[in-house]
Amino acid sequence: MMDYAEHQRQDARLVMLRALHEQPDDTLNETMLLTTLKAFGYRKTKEWVRTELRVMEDLGAVRLDRVGEFVIAKITEAGASHVERVTTIEGIARPSRR
């Protein structure tokens with residue numbers, strides 16, 4: 001059984017992945033993702049977001065680039081397929097049907 005902290009991390013990863021999927025260029029920086037998380041009730045630090053983005057990169061859901069001091073995330077095809085419920089990425093909450 002998954003503990004609450006892991007459930008929260010997986011749900012927050014889905015929130016970030018959905019936010020990326022909604023962008024015309026599939027891209028957001030870490031500050032915008034932090035703002036998105038706050039809108040969903042997650043009060044996290046920029047370092048926490050960076051850590052979770054690295055996890056999502058390891059899972060194949062996003063690609064990360066550094067521009068100056070910012071981390072830029074771009075959703076991958078695998079990440080988009082997860083949001084669209086075509087495939088499942090273990091470690092990211094499964095989207096509900098809308």
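All of these numbers come straight from a predicted model, not from anything done at the bench.
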Discussion item. Within a 6.0 Å radius of atom CZ on Arg50, are there more than 12 heavy atoms belonging to other residues, nucleotides or ligands?
Written reply: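 More than 12 within 6.0 Å, yes.
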Worksheet item: Would you find more than 12 non-hydrogen atoms of other residues, nucleotides or ligands less than 6.0 Å from Glu77 atom CD?
Response: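 No.
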Report yes if some heavy atom in the side chain of [X] is under 4.5 Å from a heavy atom in the side chain of [Y]; otherwise report no.
X: Lys38; Y: Leu34; value: yes
X: Gln8; Y: Lys44; value: yes
X: Thr88; Y: His82; value: yes

Item to complete: With salt bridge (charged side-chain N to carboxylate O under 4.0 Å, His left out) as the test, would you mind laying out the steps for Arg9 and Glu6 before giving the verdict?
Response: CA-CA 5 Å; Arg9 283 189 297 274; Glu6 179 61 20; 2.7 Å; yes
Item to complete: Report the C-alpha separation of Glu90 and Arg13 in whole Å, then their side-chain angles, then the decisive distance to 0.1 Å, and conclude whether the salt bridge (charged side-chain N to carboxylate O under 4.0 Å, His left out) test is met.
Response: CA-CA 11 Å; Glu90 287 296 320; Arg13 291 174 196 152; over 6 Å; no
If every non-hydrogen atom of [X] is compared with every non-hydrogen atom of [Y], which pair is closest and at what distance?
X: Thr36; Y: Ala19; answer: CG2-CB, 3.9 Å
X: Ala12; Y: Tyr42; answer: N-OH, 3.8 Å
X: Ala73; Y: Leu53; answer: CB-CD2, 3.9 Å
X: Gly60; Y: Thr76; answer: O-OG1, 2.6 Å

Practice prompt. From the options Leu37, Ile75, Val62, Ile92, select the one residue that forms a side-chain contact (heavy atoms from CB on, under 4.5 Å) with Met16.
Written response: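 One option only clears the test, and that one is Leu37.
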Gap between atom [atom2] of [Y] and atom [atom1] of [X] - 0.5 Å precision:
X: Thr27; Y: Asp65; atom1: OG1; atom2: CG; result: 8.5 Å
X: His21; Y: Asp26; atom1: NE2; atom2: CG; result: 7.0 Å
X: Thr51; Y: Lys46; atom1: OG1; atom2: NZ; result: 13.0 Å

In terms of hydrophobic clusters joined by side-chain contacts under 4.5 Å, are [X] and [Y] together?
X: Leu20; Y: Leu64; answer: yes
X: Leu14; Y: Phe40; answer: yes
X: Trp48; Y: Val55; answer: yes

Fill in: Side-chain donor/acceptor of Thr31 to backbone N/O of Asn29, under 3.5 Å
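Pair absent, no side-chain N/O of Thr31 close to backbone of Asn29.
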Worksheet item: Between Glu47 and Arg54, does at least one N-O distance fall below 4.0 Å, as a salt bridge requires?
Response: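 Judged by the 4.0 Å cut-off on N to carboxylate O distance, Glu47 and Arg54 do form a salt bridge.
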